[in-house]
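Below: the structure, in structure tokens.
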Amino acid sequence: MEDLLNGTSCLQHTDRKEGGVQTSQSSGVTVYDYCHIGHARAAVAFDVIVRYLRFSGYDVTYVRNYTDIDDKIIARSNEEGVHWKDLAEKFIEVHDVDMEALGIQRADMEPRATEHMEDIIRLVKSLEDKGYAYNVDGDVYFEVAKFKPYGKLSGRNPEDMRAGARVGVDERKKDPLDFALWKSSKEGEPWWDSPWGRGRPGWHIECSAMSGALLGQPLDIHGGGKDLIFPHHENEVAQSEAEADLDFAKYWIHNGFVNVDSEKMSKSLGNFFTIREVLERYRPEIIRFFLLSTHYRSPLDFSDQALEEARVRYERFMNLFSRVCRTETESRQMNESESESLQTVLEEMEPAFINAMDDDFNTAAALGHLFSTLGTLNGVLDGVEAVTGKVSGHWKAGVDGFFKSVGGILGFFENGLREGPAYFAVSTTGDDEGERKARALAEDRAEARKRKDWNRADELRDQIIEMGYSVQDTPQGPILIPVKQD
RNA sequence: GGCGCCAUCGCCAAGUGGUAAGGCAGAGGCCUGCAAAGCCUUUAUUCCCCGGUUCGAAUCCGGGUGGCGCCUCCA
């Protein structure tokens with residue numbers, strides 16, 4: 001965990017023992033367009049963090065907000081000739097659908113800026129009353145010079161920033177660094193009544209207002225993408241701490257970017273891929289697996305090759321799951337190899353997994369430990385297949401339980417072993433023409449193999465492959481694996 | 001210009017003072033009619049370069065080189 005305020009790098013273990021309520025807030029999205037993989041990374045990272053904190057015994061109240069009124073929304077709605085409210089609604093819906101597809105759990109509270117207008121106005125008013133803000137013709141600005149610690153979160157010096165200030169700053173501001181808390185509305189723009197006339201909130205204030213209203217100060221954890229550190233989170237700190245005279249957040253968590261060819265994926269560069277696009281080509285679990293295969297703070301390069309590798313890695317688990325599922329169980333005590341393997345998994349690999357997660361949510365290392373279960377567990381099946389062909393029900397249940405447990409944290413493997421056959425299921429409908437045909441060919445091939453008619457068998461297999469399936473001959477008979485094609 | 005991050009096997013990637021996890025790809029073996037899946041073995045005396053601190057550094061410090069980010073909207 002990153003703590004930019006005082007340089008410590010880990011959540012203190014004492015916090016956990018005290019077991020207090022943990023409040024966590026992540027800056028949500030501004031809803032004016034489709035979410036891309038960068039948004040997905042932030043969402044998955046925080047999803048796993050919250051899941052893990054809960055797993056570890058914290059009582060977490062997780063808030064993720066929507067900024068549903070802002071300049072970009074207004075601009076976009078004008079471009080498209082759609083009412084701003086309808087635009088925001090549409091993209092909230094789109095966001096929710098995409099995130100659900102990725103297995104992101106809902107936050108405990110998902111407030112919208114427009115639902116907290118009174119809180120926002122109250123906060124701005126209070127800042128004005130306390131002398132931290134000034135009103136110029138209905139625009140209210142935060143006076144950065146009045147808040148001495150300004151820059152502490154992002155490690156910036158206000159003097160340096162003034163020296164490098166861009167041209168085109170608003171002449172009416174006392175200082176180029178001052179930022180808008182409230183903006184007066186122009187003709188045709190959405191507005192709310194306020195002590196300064198009709199207007200709307202500035203960008204940063206809604207987060208301060210919503211988190212203050214719903215969680216209070218200080219937040220235990222606040223986070224978002226690295227690009228929010230400045231100015232967004234810096235300004236939230238200024239607003240909230242100036243107003244309440246309390247720390248805004250104890251811990252900050254900022255995730256790294258998703259890159260394309262080593263460059264940040266972003267709207268302005270046009271090098272982004274929307275969640276929807278990627279979901280058309282890869283299953284959500286694979287996207288999650290990909291996103292979690294690098295530590296959340298490091299940059300992560302998005303490419304077909306990287307996604308392909310994630311797929312291959314993920315399928316190693318699916319192969320294991322399927323293999324366990326199709327192996328019959330018998331009710332008996334576990335034999336030596338079964339019980340040893342389960343012991344290794346539960347007493348060595350699971351603790352290793354947890355240690356990695358304890359170390360700043362190191363999912364990359366945690367996933368690494370999961371791979372060592374593969375050899376152990378497949379080895380047991382190798383042994384079983386050579387003898388009775390059946391495993392102990394206890395063993396199967398133990399393996400299932402282990403994966404369900406880690407799956408609850410990672411957001412895949414959640415249903416345990418049965419995800420294997422489900423993953424490779426030839427079709428979901430069952431009456432798929434191609435599937436029936438392929439299955440028939442597979443049966444013919446099994447017959448041919450019995451007759452040791454290898455030429456005929458290989459011919460049939462070629463046909464099946466052409467239909468988009470690979471064949472695995474298992475002790476339980478042939479199975480078809482759909483080969484996903486782009 | 002200011003501030004900051006990163007550089008580990010062909011590729012991806014853990015590792016923040018104690019002697020280089022894991023995955024992909026590759027090689028060999030086993031299994032298989034052949035495959036697929038799977039198992040076993042194997043692949044960095046070395047962590048961008050140069051100095052320094054230390055008994056000991058990929059890990060700390062200084063200086064380079066290269067890449068990236070924020071400073072304007074951005075997860």
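Order of the sequence lines sets the chain letters (A, B, ...), proteins ahead of strands, with each chain counted from 1. Hydrogens, waters and symmetry mates are skipped; everything else that's a heavy atom, side chains included, is used.
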Dump every N/O contact between nucleotides 7-12 of chain B and the protein below 3.5 Å, one line per pair.
residue	atom	partner	partner atom	Å
rC11(B)	O2'	Q305(A)	NE2	3.2

(request) Just jot down the side-chain hydrogen bond (donor to acceptor under 3.5 Å, both in side chains) partners of T373(A), sequence neighbours excluded, or say none. (result) none
(message) Could you work out, with salt bridge (Lys or Arg N to Asp or Glu O under 4.0 Å) as the rule, every residue matching E419(A), not counting sequence neighbours?
(response) none
(request) Would you please name every residue forming a ring pair (Phe, Tyr, Trp, His ring centres under 6.0 Å) with Y66(A), sequence neighbours left out? (result) H95(A)
(message) Distance check, P atoms only: rU45(B) and rC55(B), in whole angstrom units.
(response) 27 Å
(request) Return the set of residues passing salt bridge (Lys or Arg N to Asp or Glu O under 4.0 Å) with K85(A) (not counting sequence neighbours), or none when no residue passes. (result) D68(A)
(request) Can you tell me, in whole Å, how much space there is between the C1' of rC48(B) and that of rU59(B)? (result) 15 Å
(message) So, OP1 or OP2 of rC70(B): does either fall under 4.0 Å of a side-chain N or O from K264(A)?
(response) yes
(request) Could I get the full list of ring pair (Phe, Tyr, Trp, His ring centres under 6.0 Å) partners for F273(A), not counting sequence neighbours? (result) F302(A)
(request) Check salt bridge (Lys or Arg N to Asp or Glu O under 4.0 Å) between R288(A) and all other residues, then give those that pass, not counting sequence neighbours. (result) D47(A)
Pull out every protein N or O sitting under 3.5 Å from an N or O of nucleotides 32-34 of chain B, one pair per line with the distance.
residue	atom	partner	partner atom	Å
rG33(B)	O6	R445(A)	NH2	3.4
rG33(B)	O6	R449(A)	NE	3.4
rG33(B)	N1	D458(A)	OD1	2.9
rG33(B)	N2	D458(A)	OD1	3.2
rG33(B)	N2	D458(A)	OD2	2.6
rC34(B)	O2	R461(A)	NH2	2.5
rC34(B)	N3	R461(A)	NH1	3.1
rC34(B)	N4	D473(A)	OD2	3.4

(request) Determine the interatomic distance between P on rG33(B) and the same-named atom on rU46(B); round to the nearest Å. (result) 46 Å
(request) For nucleotides rU42(B) and rA36(B), find the distance between their P atoms and express it as a whole number of Å. (result) 23 Å
(request) Output all residues satisfying salt bridge (Lys or Arg N to Asp or Glu O under 4.0 Å) with D301(A), sequence neighbours left out; order by chain, then residue number. (result) none
(message) Please enumerate all residues that pass side-chain hydrogen bond (donor to acceptor under 3.5 Å, both in side chains) together with E263(A), with sequence neighbours excluded.
(response) none
(request) Would you check if V237(A) and Y150(A) make a side-chain contact, meaning some heavy-atom pair closer than 4.5 Å? (result) no
(message) With the threshold set at under 4.0 Å for non-hydrogen atoms, list the residues of residues 368-375 of chain A touching RNA chain B in residue-number order.
(response) G368(A), F371(A), L374(A), G375(A)
(request) With sequence neighbours left out, write down each residue that passes side-chain hydrogen bond (donor to acceptor under 3.5 Å, both in side chains) with K72(A), or none if nothing qualifies. (result) none
